[in-house]
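This report concerns only the one structure given below.
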Amino acid sequence: MRAEVIAARRLVVKVGSSSLTGDQGHLDPERVKALASDIAALHNQGRRVALVTSGAIASALSPLSLNSRPRDLETQQAAAAVGQGILIRHYTEAFASHGLLVAQILLTAGDLQDGRSYRNALNTVSRLFRFGVVPVINENDTVATGEIRFGDNDRLAALTAHLIRADVLAIFSDVDGLYTAHPAEPQARLISRVHDLSALNIDTSTVGSRVGTGGMRTKVEAARIATAGGVTVLLAHFDQLAAVLRGEEAGTLFEAVGRRRPRRLLWLAHAADVCGVLRIDSGAVRAIIDGHASLLAAGVDSIERDFEAGDPLDITGPDHRLVARGLADCSTAELKKRMRDGGLAVHRDLLIEIS
């Protein structure tokens, strides 16, 4: 048994479109019911679960007489507008049979890139937990554009895990876990536990299913985001959901490697919309990485783009490699003055190392 899962009090469960659909790619209500039953069992144990779901577009394929997932953005958005209501209706009915309420939360990348709406999302989920309601979170495909979309719900699930301070993120799809090679290859072997993602050397470029948009690459990246913030990640087949949530050895477990960080720094590292770039000298790089110091204006060699105090900034070294990300202690104009007269650029408490 996996102690990390058994001890978890807060979990994020993410299911992809392929897990919720039948052979023809249309939403399967029986799978929704099975999912609701397993999450309700956790809820009845006093644990709090946020569900990150795909499936809005898949829910609309049959009502709109579409044979497959549309490729153009306009039709995707129209299908999402139809499917969101259908999907949440199925969730509402499935959880109601267990005496539970659900709440729909639709997000775009921009919602979590902005600090104010990030806090609003946190407050909403926190209040829903106090009400005993199960949050059902999905990317808002109706209004998202190609530039601001999360790109897949795997990353959204990882950011949600940070947001609610989850102990475990469980990602379920149509694969059994992470393999040493493509599962179709005869030499492929399932990896049951990953101690250090940075040490992995596996090709994860295979595309996702014909229904969903994610693939193994997006799942590994989601695991990287979540584990860096102290969250254990599980990747397994949807059919193993009940067993995985009971703590049984199934799928792949990615160990948490990073310590718990303040939500503000996790947002800064993985969700914030960067407004400018500071290129710093080698001495300032050493001070940040080795000395864990604040960034002084004297260490800044150049500034790209205008920004205001409190805006997220990328901090790069002389070789232009990303070193850290921080919240500006002052505006561009003030920083230029400080570069002449001395003073802070980014305080240590507003800085997170990326390298």
Side-chain angles (χ1 to χ4, degrees), residues 13-39 50-97 102-109 111 134-157 160 170-176 183-184 206-219 222 235-241:
V13 173
K14 186 269 176 180
V15 291
S17 296
S18 60
S19 299
L20 299 174
T21 55
D23 294 338
Q24 301 303 313
H26 299 162
L27 185 70
D28 183 348
E30 295 305 313
R31 296 193 178 202
V32 175
K33 292 177 183 178
L35 174 62
S37 177
D38 291 330
I39 292 179
L51 172 61
V52 176
T53 181
S54 301
I57 293 177
S59 299
L61 297 184
S62 182
L64 293 177
S65 300
L66 296 173
N67 294 324
S68 61
R69 181 185 176 91
R71 294 180 178 273
D72 63 290
L73 181 60
E74 291 80 4
T75 308
Q76 288 178 7
Q77 291 176 323
V82 172
Q84 282 167 358
I86 297 171
L87 182 61
I88 197 63
R89 174 173 61 82
H90 282 288
Y91 277 126
T92 299
E93 293 172 352
F95 278 94
S97 67
V102 300
Q104 179 174 243
I105 301 177
L106 300 175
L107 297 171
T108 67
D111 293 327
V134 177
V136 178
I137 302 169
N138 195 358
E139 184 173 27
N140 192 356
D141 290 320
T142 301
V143 298
T145 68
E147 289 74 25
I148 67 171
R149 292 187 61 190
F150 286 104
D152 59 88
N153 276 342
D154 297 319
R155 180 166 176 254
L156 173 57
T160 299
I171 300 175
F172 296 98
S173 67
D174 54 2
V175 295
D176 295 330
T206 304
V207 298
S209 70
R210 61 187 175 85
V211 178
T213 60
M216 186 54 65
R217 177 177 291 173
T218 68
K219 291 168 178 55
L235 173 61
H237 196 284
F238 181 75
D239 294 343
Q240 300 172 315
L241 189 145

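Because the structure is predicted, anything quoted here is derived from the model rather than measured. FYI, the numbering just counts along the sequence from 1. Just the heavy atoms: all of them, side chains too, but no hydrogens, waters or symmetry mates, feed the values below.
- Remark: the Asn153 side chain and the Ser54 side chain contain an N/O donor-acceptor pair separated by less than 3.5 Å.
- Rounded to the nearest 0.5 Å, atoms CG (Asn138) and CG (Leu107) are 9.0 Å apart.
- The closest donor-acceptor contact from the side chain of Glu93 to the backbone of His90 lies at 3.5 Å or more, if one exists at all.
- In this structure, the side chain to side chain contact (heavy atoms under 4.5 Å, CB included) partners of Ala80, at least two apart in sequence or on a different chain, are Ile57, Gln84, Asp141, Thr142.
- A distance of 5.0 Å separates CD in Gln240 from CG in Asp176, rounded to the nearest 0.5 Å.
- Here the closest non-hydrogen pair linking Leu27 and Ser59 is CD2-OG, 3.5 Å.
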Using the rule given for side chain to side chain contact (heavy atoms under 4.5 Å, CB included), can you reason through Phe95 versus Ile39, listing the C-alpha separation, both sets of side-chain angles and the distance that settles it, and then say yes or no? CA-CA 9 Å; Phe95 278 94; Ile39 292 179; 3.8 Å; yes

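- Only one option out of Leu20, Val13, Ile137, Leu156 pairs with Thr53 in a side-chain contact (heavy atoms from CB on, under 4.5 Å); it is Leu20.
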Extract all donor-acceptor atom pairs below 3.5 Å that involve side chains of residues 29-37 and protein atoms in other chains or at least two apart in sequence.
| residue | atom | partner | partner atom | Å |
| --- | --- | --- | --- | --- |
| Glu30 | OE2 | Lys33 | NZ | 3.4 |
| Arg31 | NH1 | Ser19 | O | 3.3 |
| Arg31 | NH1 | Thr21 | O | 3.3 |

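- Contact detail for Leu64 and Ala79: the closest heavy-atom pair is CD1-CA, 3.8 Å.
- Note that the CG atom of Asn140 and the CD1 atom of Ile105 stand 12.0 Å from one another [nearest 0.5 Å].
- Contact check for Phe172 versus Leu235: no side-chain heavy atoms found under the 4.5 Å cut-off.
- Taken from OG1 in Thr75 to CG in Leu73, the straight-line distance is 9.0 Å, to the nearest 0.5 Å.
- With rounding to the nearest 0.5 Å, the separation of CE in Met216 from CG in Asp154 is 9.5 Å.
- For the pair Gln76 (side chain) and Pro70 (backbone), a donor-acceptor distance under 3.5 Å is present.
- The NZ atom of Lys219 lies 12.5 Å from the CZ atom of Arg217; values are rounded to the nearest 0.5 Å.
- Taking all atoms of both residues into account, the shortest heavy-atom contact from Ile86 to Pro63 is CD1-CG, 3.6 Å.
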